[in-house]
Amino acid sequence: MSDGQGALKVVDAFDLDDELRTLLRPGDMLKDAQQRRHRLPRYFYEVPSHDFAMNARVTPHFALNEFTLVDLKEAPRLQQWPRYVPCAVRVLAFFLEQFRAAAGGSVHIAVNGGYRSPAHKMSESATPHMWGTAADVYRIGATILKTKEAIEKYNDIAEDLSDDVRVLRYGHITGTNADDHVHLDLGYITLIPREISEDRMEMPQEHRPRFAFEERRQRTDRRQPTEHPAD
Ligand SMILES: [Zn+2]
């Protein structure tokens, strides 16, 4: 992930203040609509500002802000900066990049259609939106996704990408169907960045918060021909 302004900060949500921990609920178990229990994410990217989110590329065609667009349905504190988005969002962005290529058009994520915290008013039972691994897409290229024909067409394209991709069938039952967007998700993926050491206790830190910065890949160096060390 690159942003042109420095590395992206990874935080352990157990290190955040009481209000943020209460809203983000790191490590808590949550039941989905089928009563299956899933553990909420613990590691988040800290997004310092709107400008940063606009400029931070997760993949070539998706900026961080596209996954953090929320309205007043999100908890007030989580509408302020810095904001937090689960690290698994980068896996979602990778799949969306494949989806964009297969669909042959730019993919537009709706407001409230990316990450939604457990405190978001649309969050009832567990959905992958709370893991940062779901996207509600309302437009692809020039096509507004509100007809059965369009939604089914792009649902099929999304499902063909991988067995890990799930979509909501066209229909009118909230949570089960979608009738004005394509919902695609990867399930309940939690991502532990490689910079993180997991030997911490799952409780608020008593001293200074600890965090890591994601290592940025040196793309230009990687693509240069390998020089053989003189040995
Ligand atoms: Zn959705």
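In this chain, numbering begins with 1 at the start of the sequence shown. Because the structure is a prediction, the values reported are computed rather than measured. Order of listing sets the numbers, starting from 1, for every ligand and every atom in it.
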### Query
At the Zn ion (ligand 1), what angle lies between atom ND1 of H183 and atom NE2 of H129, rounded to 10 degrees?
100°
### Polar side-chain atom of S123 near backbone of A119 as donor-acceptor pair, under 3.5 Å
no
### Query
Is there a side-chain contact between V70 and R83, using heavy atoms and a 4.5 Å cut-off?
yes
### Query
Can you tell me if an N/O/S atom from D136 lies under 2.8 Å from the Zn ion (ligand 1)?
yes
### Message
Let me check your reading of the structure: within less than 2.8 Å of the Zn ion (ligand 1), is there an N/O/S atom from H181?
### Response
no
### Message
Just so I know, are the side chains of D136 and H129 near enough to count as touching, which here means a heavy-atom distance under 4.5 Å?
### Response
yes
### Task
Quick one: sort the F62 and F67 rings into parallel, tilted or perpendicular, breaks at 30° and 60°.
tilted
